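Here the structure comes first, spelled out in structure tokens, and everything after it is commentary.
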Amino acid sequence: MCDDDRTSGPFGRRALLVTGAAAALTLNGVNFAAADGGSAQGGAHGESPSGARTGARTTGEETRKVTGRLPVGAPDYVYLPVEVPPGVREIAVSYTYDRPTTPPGTAGNACDIGIFDERGTELGGRGFRGWSGGARTEFFLRADDATPGYLPGPVNPGTWHIALGPYTVAPQGLAYEVTITLRYGAPGTPPAPTYPPQRAKGRGRSWYRGDSHLHSVHSDGKRTPAQIAALARAAGLDFITTTEHNTTSSHRAWEGLWGDDLLILTGEEVTTRNGHVVAMGTDPGVFIDWRYRARDDAFPRFARRIRRAGGLVIPAHPHATCIGCNWKFGYEEADAVEVWNGPFTLDDEVAIAEWDNALVAYAQGRGRFLPAVGHSDAHRDPDVIGLPQTVVLAETLSREAILTGIREGRTYLAESSALTLTFTATGPKAEHATIGDRLPVHDSAEVTINLTATGAPSGCTARILTDQGQLFTTPLPTSGPVTWHTTPANATYVRAEVRHPSATPVMPGPMAAITNPIFLGHA
């Protein structure tokens with residue numbers, strides 16, 4: 001499947017070997033000389049890749065280049081083994097690939113890159129050392145430092161693997177060149193990671209605002225963690241989650257940026273070829289693998305891994321139109337779903353409709369309760385952090401309380417911190433419920449629904465929706481609540497939307513805010 005033409009060393013034309021995860025191939029390896037005639041520190045000797053006894057090199061550097069071509073239909077991941085001898089202080093990698101002109105409607109070349117250390121490439125294993133996707137053309141790592149997206153740590157001898165991910169391949173194929181440089185010398189000291197605390201001061205039981213899908217220079221974003229923290233505070237947020245594509249390197253990058261006013265959670269955007277999932281609030285440093293498709297039946301295993309790490313499984317932008325972004329794994333393992341991603345568009349409208357169908361199924365006793373969340377997915381200027389934001393009713397401003405509030409559906413989504421919603425259901429005997437609650441009254445009981453939207457832009461419309469769809473709409477008043485009456489027999493649940501004016505009579509206007517449901521009647 002791959003024309004593997006190697007230069008600058010004893011490469012030759014080699015066969016490809018199938019490796020662990022599905023849809024992956026491993027090339028024959030690259031050997032670096034284990035010694036230059038010098039002796040290792042302390043007089044110890046290492047084993048060269050060929051098995052000859054030699055002294056470990058202590059200074060200088062060596063470089064190898066590998067070229068090849070991947071055809072249309074190439075596997076998702078191609079691994080290039082690199083035999084790393086003793087005495088290596090730093091590994092540096094750069095790569096290029098061609099971008100030929102393609103016919104209209106045909107994808108061109110795009111190739112990601114990352115690296116696994118001597119512990120191997122086993123799916124879910126311990127060997128992961130970094131990923132930059134297609135955001136960088138070069139990276140390095142050593143004990144005391146690494147390129148953002150990569151994890152500093154020991155450069156141990158053994159077989160490392162450079163991972164190429166041919167995301168799309170042009171009809172002409174994808175010609176690549178990978179340059180590997182090993183720098184020898186005394187290793188540095190690995191830094192002790194400093195992770196954000198699990199709790200901030202907060203306001204006790206309150207509604208807290210957050211944005212839990214954000215990208216920095218640690219994946220394909222352009223902002224530093226410091227810039228993100230400043231913009232989060234300016235947006236009136238109480239918490240954020242760092243969610244880089246397929247790496248945890250950002251978890252240790254927030255020292256000095258949290259405070260009494262800002263809780264920073266750690267996570268990952270697990271970016272597979274069949275959809276992306278926000279692993280929100282996982283334990284710091286916990287990596288979730290992404291190298292599988294729906295056909296591999298591996299996602300349930302990694303969803304359980306997210307939950308064991310204390311996090312939530314949140315499918316992201318499930319109907320996005322980018323290649324590989326649509327959610328194909330189903331919702332059986334989901335704890336919530338991202339129905340609003342960045343500025344409101346048609347794919348968000350579709351995601352909301354699908355989510356509403358899941359609410360109906362749950363109300364009928366089928367399936368799990370699937371709360372809705374919204375995130376900015378901000379990468380760079382002019383992306384707005386906090387557009388939208390998830391507003392969570394939580395007992396404290398802590399990781400545990402925020403995740404519990406989301407899991408229970410005690411949330412609404414708003415386009416900015418200027419907009420505040422109050423949404424309640426009241427029974428005939430003053431029974432009371434708010435977002436995420438159940439109002440346990442008889443089917444014939446009259447229920448009063450009240451929606452108050454403070455700070456909404458002028459011209460907005462309020463909508464009340466049930467399992468039947470929209471049953472009531474009215475222009476949003478400048479003050480006071482929107483009131484509507486129903487019964488549990490007529491509405492299994494109620495939820496509210498605040499919409500901007502519509503530009504077309506056949507479509508509702510863009511979303512300004514949306515609530516999770518209040519369920520009516522006995523469970």
Side-chain angles (χ1 to χ4, degrees), residues 202-209 335-337 339 352 355-373 390-396 400-414 419-456 461-474 476-477 479-499 513-523:
R203 303 178 295 275
R205 180 179 171 84
S206 186
W207 291 91
Y208 293 102
R209 296 175 179 267
D335 296 307
V337 60
V339 302
I352 288 172
W355 165 67
D356 195 76
N357 290 341
L359 293 180
V360 173
Y362 171 75
Q364 295 172 348
R366 297 181 290 109
R368 303 173 60 186
F369 174 42
L370 194 64
V373 296
T390 299
V391 191
V392 186
L393 179 60
E395 299 299 321
T396 60
E400 181 180 5
I402 293 295
L403 298 187
T404 297
I406 292 173
R407 191 181 295 110
E408 294 178 352
R410 301 180 185 277
T411 63
Y412 67 87
L413 321 181
L419 204 164
T420 299
L421 296 187
T422 303
F423 186 55
T424 62
T426 305
K429 298 181 179 179
E431 304 94 334
H432 183 80
T434 188
I435 300 168
D437 289 340
R438 177 175 291 276
L439 188 70
V441 296
H442 295 296
D443 285 352
S444 60
E446 182 175 293
V447 176
T448 301
I449 307 299
N450 282 311
L451 169 68
T452 301
T454 304
T461 298
R463 306 173 78 209
I464 305 297
L465 298 99
T466 76
D467 53 308
Q468 299 182 66
Q470 177 184 301
L471 291 186
F472 180 69
T473 184
T474 185
L476 194 66
S479 63
V482 170
T483 300
W484 181 65
H485 299 281
T486 189
T487 65
N490 190 50
T492 304
Y493 61 84
V494 291
R495 61 179 185 86
E497 296 179 355
V498 176
R499 298 269 189 161
I514 181 172
T515 74
N516 270 289
I518 302 172
F519 293 95
L520 305 181
H522 295 283

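What you are looking at is a predicted structure, and each value in this text was computed from that prediction instead of being measured.
Of all the heavy atoms in L476 and A453, the pair that sits closest is CD2-CB, 3.7 Å. Closest approach of I406 and V373 over heavy atoms only: CG2-CG1, 3.7 Å.
Looking only at distances, no side-chain donor or acceptor of N450 sits under 3.5 Å from a matching main-chain atom of P481. Using a distance-only test at 3.5 Å, with no hydrogens or angles considered, a donor-acceptor pair links the side chain of T473 to the main chain of A462. For the pair Y208 (side chain) and R203 (backbone), a donor-acceptor distance under 3.5 Å is present. A distance-only check finds a donor-acceptor pair linking the side chain of Q468 to the backbone of N490 [under 3.5 Å]. Checking side-chain atoms of N516 against main-chain N and O of I435 turns up no donor-acceptor pair under 3.5 Å.
Here the rule is side-chain hydrogen bond (donor to acceptor under 3.5 Å, both in side chains) with R495, and of T466, T515, D356 only D356 fits it. Under the side chain to side chain contact (heavy atoms under 4.5 Å, CB included) rule, L413 has a single partner from I514, V391, L421, I352, which is I514.
The aromatic rings of Y362 and F519 sit perpendicular, their planes meeting at an angle over 60°, well past the 30° parallel limit.
Counting only residues at least two apart or on different chains, no ring pair (Phe, Tyr, Trp, His ring centres under 6.0 Å) pair has a member in residues 419-438.
For R368, the CZ atom sits in a packed shell: over 12 heavy atoms of surrounding residues, nucleotides or ligands are nearer than 6.0 Å.
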